[in-house]
Amino acid sequence: MYSNDTAVKESYFRKIFNTNFNVGFGKPSNDICSTCVILKNRAKMKKDEEKKQSFILQLKVHKKRAKSFHQLLNRITDDELGINNVRCYVWTENERSRRCNEIASPIYESLQKVDSAKIRKIRLFSDGCTGQNENMTKVSMTETWLVSKSLKNITEMELHFPVTGHSFLPADSVFGFTETAVRKEQEIFNPQHYINIIGKYGKLCRIGRD
């Protein structure tokens with residue numbers, strides 16, 4: 001400020017900043033649903049009450065559809081996840097990457113090993129990551145397995161890709177337990193330490209070895 005100007009206290013600037021600016025601070029959210037965000041913002045910005053209620057209704061329908069998906073998922077995944085029914089495929093970055101081929105291979109191997117003698121339909125649930133899951137490589141792999149490798153009693157296979165923000169799957173709880181255990185470790189010196197922690201929550205598997 002110039003020397004001939006009247007001095008203003010810091011509290012004055014704080015008052016203007018807090019009351020005259022629509023600014024907020026916070027940690028960015030991860031895996032949020034873009035549809036939910038868009039509908040919320042549109043409903044908030046619309047002054048016309050009819051249009052506002054239209055967006056609010058769309059948001060309610062969208063959330064009910066997401067809730068129905070999780071209710072369906074809970075009905076078909078009653079078993080508690082643990083080391084007896086969770087397969088954790090592990091590899092380090094120097095062994096292979098995490099592209100679609102590397103992700104499709106463990107799924108194919110798991111399909112080969114599953115006890116499917118009394119199964120008619122197989123459902124695969126995964127997040128919508130295009131580079132790893134939602135791609136033609138995975139579709140082609142599952143089609144090949146169903147046509148040429150599966151038992152004759154299996155007649156259907158469904159691939160489910162819930163939208164981002166509503167895609168919490170049973171396997172995510174296993175990831176959560178693992179991440180919590182990793183954060184409790186004061187020092188981790190090598191990849192094997194990570195692998196040992198993962199092995200507490202699922203069966204460790206290596207492509208071509210197990």
Side-chain angles (χ1 to χ4, degrees), residues 31 33 61-92 95-182 192 194-210:
D31 294 331
C33 174
V61 172
H62 173 72
K63 288 185 174 181
K64 281 186 175 295
R65 292 181 63 189
K67 185 178 180 179
S68 298
F69 162 75
H70 285 288
Q71 288 175 341
L72 169 64
L73 188 61
N74 290 334
R75 285 200 301 269
I76 62 179
T77 56
D78 291 333
D79 295 338
E80 182 178 352
L81 296 182
I83 196 167
N84 294 323
N85 58 4
V86 174
R87 299 172 64 85
C88 299
Y89 285 87
V90 296
W91 62 83
T92 55
E95 294 176 323
R96 53 178 59 89
S97 62
R98 293 181 297 171
R99 294 172 295 190
C100 55
N101 286 326
E102 285 78 10
I103 301 302
S105 295
I107 298 174
Y108 181 85
E109 185 173 86
S110 294
L111 289 171
Q112 288 286 80
K113 293 184 177 182
V114 69
D115 183 8
S116 55
K118 299 181 180 180
I119 298 175
R120 184 185 66 83
K121 179 190 293 186
I122 290 181
R123 295 184 176 99
L124 297 180
F125 292 84
S126 55
D127 61 47
C129 176
T130 305
Q132 296 180 347
N133 295 315
E134 195 173 1
N135 52 66
M136 286 306 300
T137 298
K138 183 174 180 178
V139 173
S140 299
M141 179 275 294
T142 53
E143 181 182 15
T144 300
W145 181 85
L146 181 62
V147 173
S148 61
K149 299 294 183 179
S150 66
L151 298 178
K152 292 183 178 181
N153 53 283
I154 300 178
T155 58
E156 293 182 64
M157 178 174 283
E158 296 179 355
L159 304 182
H160 295 265
F161 302 99
V163 296
T164 302
H166 300 295
S167 60
F168 186 83
L169 301 173
D172 290 322
S173 61
V174 179
F175 300 149
F177 294 144
T178 304
E179 290 175 353
T180 300
V182 168
Q192 188 60 44
Y194 281 109
I195 294 173
N196 292 341
I197 295 174
I198 295 171
K200 296 178 181 179
Y201 304 99
K203 180 183 177 181
L204 293 174
C205 301
R206 300 274 188 144
I207 294 294
R209 303 185 196 176
D210 303 308

How far does [atom1] of [X] sit from [atom2] of [Y], to the nearest 0.5 angstrom?
X	Y	atom1	atom2	result
L111	M141	CG	CE	6.0 Å
I154	I122	CD1	CD1	4.0 Å
E109	R206	CD	CZ	12.5 Å
F125	N133	CZ	CG	13.5 Å
Y201	T178	OH	OG1	6.5 Å
K118	L151	NZ	CG	13.0 Å

Under the side-chain contact (heavy atoms from CB on, under 4.5 Å) test, residues paired with R65 that sit two or more places apart: V61

Does the side chain of [X] reach to within under 4.5 Å of the side chain of [Y], using non-hydrogen atoms?
X	Y	value
M136	C100	no
K138	I107	yes
Q132	T137	no

Donor-acceptor pair, side chain of E95 and main chain of T92, under 3.5 angstrom: yes

Stepwise side chain to side chain donor-acceptor pair (under 3.5 Å) test for W91 and E102: CA-CA 10 Å; W91 62 83; E102 285 78 10; over 6 Å; no

Residue pairs, two or more places apart or on separate chains, that pass side-chain hydrogen bond (donor to acceptor under 3.5 Å, both in side chains) and touch residues 151-161: R120-E156, K121-E158, R123-E158, E158-H160

side-chain contact (heavy atoms from CB on, under 4.5 Å) between S105 and Y89, intermediate numbers included: CA-CA 10 Å; S105 295; Y89 285 87; over 6 Å; no

Polar contact flag, side-chain donor to acceptor under 3.5 angstrom, Y108-T144: no

Worked verdict on K113 versus R87 for side-chain contact (heavy atoms from CB on, under 4.5 Å): CA-CA 11 Å; K113 293 184 177 182; R87 299 172 64 85; 3.4 Å; yes

Over 12 foreign heavy atoms within 6.0 Å of CZ, R96: yes

Greater than 12 external heavy atoms within 6.0 Å of F161's CZ: yes

Verdict with reasoning, M157 to S150, per side-chain contact (heavy atoms from CB on, under 4.5 Å): CA-CA 11 Å; M157 178 174 283; S150 66; over 6 Å; no

Nearest non-hydrogen partners of C88 and G202, listed with the distance: SG-CA, 3.8 Å

F177 vs I198, side-chain contact (heavy atoms from CB on, under 4.5 Å): CA-CA, chis, key distance, verdict: CA-CA 9 Å; F177 294 144; I198 295 171; over 6 Å; no

